[in-house]
Student: 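Sharing a structure here in structure tokens format.
Chain letters run A, B, ... following the sequence lines, proteins first and then strands; every chain starts at 1.
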Amino acid sequence: MPEGHVIHHLAGKMNSFYAGKTLRVTSPQGRFAAEAARLDGHALSHAEAFGKHLFVEFDADDPAHIIYIHLGLIGTLQFEPETTPRGQVRLRLSDGELAADLRGPQWCRLITEDERDAAVAKLGADPIRSDSDPAPIWQKVKRSTRSIGSLLMDQKLFAGVGNIYRAETLFRLGISPFRAGRKLQRNEFDSIWADLVGLMAEGVAAARIDTVRPEHTPEAMGREPRQDDHGGEVYTYRRTGQPCFICGTPIAEQVMEGRNLFWCPECQAK
DNA sequence: CTTGCATGTGCAT
DNA sequence: TGCACCTGCAAGT
């Protein structure tokens, strides 16, 4: 259940566990049996993430030697000691001891390097990648009549940002999700980008999303830690009706871009 | 046991 | 704008 930080975290695990190793590539459930057979017995050379898109490259003569995975809303990729597959394992990579099991992906395809480049070219700037340039994104945002809450969900602009980071970074900066892109100041855009870079880098390392500042943590405020597994400590995400940690106003909820948006009407009035 | 919802996207209307 | 897709989990019957 991934925003970009999870995909980058997974790419890192792929590289540390498997880079340079010859792998068994199988499809226990059968869905991707043909694809698996083409790469089975080859070495994984490199895994890399762009936004929410994961590319796992193999050393193989086959032109389509890159596994292109998108987990979608419910897909998972889990590393576990190799045992009999449980559930619907669509694809399994294994070095004989540790297996990477793919379940419920949005897609899983074999592609060529040119196709990988074309897929990457469709994405905007990824706050997690050091080679990202936010300048072209600002040029589009500052001309847009769309709301910043909508723009943040657009993968052609902010690659890897999802519903939690959208809500949380806007709260942290006190920006209304309903403000049009063209009404943003340059320094506000810069703040959003910088906040995403910091938050998402932490997310990659922790493999979860924590956005509350030290002064608002459960320990600092004497409240109970968040218990659900849908993220870490956050200000607004799925806190509808609960008091804002800063001003006490009930957190609001409204669908935007087909997803539930959460914000504080007081702290994010403008 | 059944239902609904979820860190997402693409396609049909 | 709605909906289909795919899985896991929590809440409701």
Side-chain angles (χ1 to χ4, degrees), chain A residues 1-11 27-32 35 49-55 67-80 85-92 100-109 111 115 118-124 126-128 146-147 149-172 177 195-196 199-212 226-241 251 253-263:
Chain A
M1 298 166 276
E3 294 190 30
H5 67 300
V6 170
I7 311 307
H8 282 266
H9 184 86
L10 290 170
S27 179
Q29 175 270 347
R31 172 78 177 269
F32 302 116
E35 288 86 348
F50 289 81
K52 300 167 190 169
H53 303 239
L54 177 62
F55 301 91
I67 305 178
Y68 180 19
I69 292 171
H70 195 297
L71 293 182
L73 185 58
I74 64 168
T76 58
L77 182 54
Q78 297 167 306
F79 294 84
E80 292 168 34
R86 279 186 293 275
Q88 305 288 88
V89 177
R90 307 284 177 167
L91 188 76
R92 165 175 279 186
D101 285 348
L102 176 68
R103 294 182 177 82
Q106 171 102 7
W107 67 64
C108 172
R109 307 167 181 153
I111 62 171
E115 288 169 330
V120 170
K122 291 179 185 171
L123 298 172
D126 180 348
I128 295 172
R146 293 165 58 197
S147 68
S150 171
L151 294 168
L152 278 168
M153 294 293 275
D154 188 340
Q155 301 300 296
K156 295 189 295 298
L157 299 173
F158 299 91
V161 174
N163 200 29
I164 302 179
Y165 284 122
R166 142 173 99 165
E168 294 297 310
T169 195
L170 288 176
F171 176 89
R172 283 163 55 92
D195 206 46
L196 289 171
L199 285 178
M200 295 179 79
E202 290 177 25
V204 175
R208 53 180 257 174
I209 299 178
D210 293 287
T211 63
V212 297
R226 189 179 175 83
Q227 287 299 320
D228 67 61
D229 63 352
H230 299 288
E233 290 295 331
V234 292
Y235 285 106
T236 67
Y237 178 69
R238 288 209 213 177
R239 292 196 63 247
T240 310
I251 297 300
E253 175 183 348
Q254 176 183 317
V255 173
M256 181 187 282
E257 287 295 304
R259 312 296 301 285
N260 291 325
L261 165 71
F262 306 87
W263 80 103

Student: Starting from C1' on C/dC5, measure out to CD on A/Gln29 and report it in whole angstrom.
Tutor: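 The distance from CD of A/Gln29 to C1' of C/dC5 comes to 14 Å, rounded to the nearest Å.
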Student: How close or far is atom C1' of C/dA4 from atom CG of A/Leu73, stated in whole angstroms?
Tutor: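 Between C1' of C/dA4 and CG of A/Leu73: 12 Å.
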Student: Rounded to the nearest Å, what distance is computed from the CG atom of residue A/Leu91 to the P atom of nucleotide C/dT7?
Tutor: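 Distance, rounded to whole Å: 14 Å.
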Student: Return the value, rounded to whole Å, for the distance between atom CD of A/Glu257 and atom P of C/dT1.
Tutor: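 Computing the A/Glu257:CD to C/dT1:P distance gives 9 Å.
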Student: Check the phosphate of B/dA6 against A/Arg259, side-chain N and O only, distance under 4.0 Å to OP1 or OP2. Yes or no?
Tutor: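 Indeed not, no polar side-chain atom of A/Arg259 lies that close.
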Student: Write down the distance separating the P atoms in B/dC5 and C/dT13, rounded off to the nearest Å.
Tutor: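 About 13 Å, rounded to a whole number of Å.
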Student: Could you verify whether a donor N or O on one side chain and an acceptor N or O on the other, from A/Arg31 and A/Ser27, lie under 3.5 Å apart?
Tutor: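 The criterion, which ignores hydrogens and geometry beyond distance, is not satisfied for A/Ser27 and A/Arg31.
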Student: Are any of A/Tyr165's side-chain N or O atoms less than 4.0 Å away from OP1 or OP2 of B/dT7?
Tutor: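 Negative; the distance criterion is not met.
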Student: Quick one: which of C/dC6, B/dT7, B/dT9 gets closest to the side chain of A/Gln106?
Tutor: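 Nearest listed nucleotide: B/dT9.
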Student: Side-chain N or O of A/Asn260 less than 4.0 angstrom from OP1 or OP2 on B/dA6?
Tutor: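 For A/Asn260, the contact criterion (side-chain N or O under 4.0 Å from OP1 or OP2 of B/dA6) is met.
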Student: Please report the distance, rounded to the nearest Å, between NE2 in A/His5 and C1' in B/dT7.
Tutor: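 Roughly 7 Å, once rounded to whole Å.
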Student: Quickly work out the A/Leu10 CG to B/dT7 P distance and round it to whole Å.
Tutor: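 About 18 Å, once rounded to whole Å.
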Student: Starting at atom CG of A/Leu77, determine the distance to atom P of C/dT7, rounded to an integer number of angstrom.
Tutor: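 Atom-to-atom, A/Leu77 to C/dT7, this comes out as 14 Å.
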Student: Should the pair A/His70 and A/Trp107 be assigned to parallel (<30°), tilted (30 to 60°) or perpendicular (>60°) ring geometry?
Tutor: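 The arrangement is tilted - the two ring planes meet at 30° to 60°.
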Student: Which of these nucleotides, B/dG10, C/dT7, B/dT7, is closest to any side-chain atom of A/Arg103?
Tutor: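 For A/Arg103, the side-chain atoms sit closest to C/dT7.
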Student: Take the angle between the ring planes of A/Tyr237 and A/Phe262 and call it parallel below 30°, perpendicular above 60°, tilted in between.
Tutor: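 Ring orientation of A/Tyr237 relative to A/Phe262: perpendicular.
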Student: Under 4.0 Å between any heavy atoms, over every strand shown, what does A/Arg90 touch: base, sugar-phosphate, or nothing? Just pick one.
Tutor: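 Answer is sugar-phosphate: A/Arg90 comes under 4.0 Å of backbone atoms only.
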Student: Taking only side-chain N and O atoms of A/Lys52, does any of them lie within less than 4.0 angstrom of OP1 or OP2 on B/dT7?
Tutor: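 So the side-chain polar atoms of A/Lys52 never come under 4.0 Å of the phosphate oxygens OP1 or OP2 of B/dT7.
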Student: Is it true that A/Asp101 and A/Arg86 have a side-chain N and a carboxylate O under 4.0 angstrom from each other?
Tutor: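 So A/Asp101 does not pair with A/Arg86 through a salt bridge.
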Student: Would you kindly give the CD-to-C1' distance between A/Gln88 and C/dC5, to the nearest whole Å?
Tutor: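 For the pair A/Gln88 CD and C/dC5 C1', the rounded distance is 14 Å.
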Student: Looking only at atom types and distance, does a side-chain atom of A/Gln254 sit under 3.5 Å from a main-chain N or O of A/Asn260, one as donor and one as acceptor?
Tutor: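 Pair absent, no side-chain N/O of A/Gln254 close to backbone of A/Asn260.
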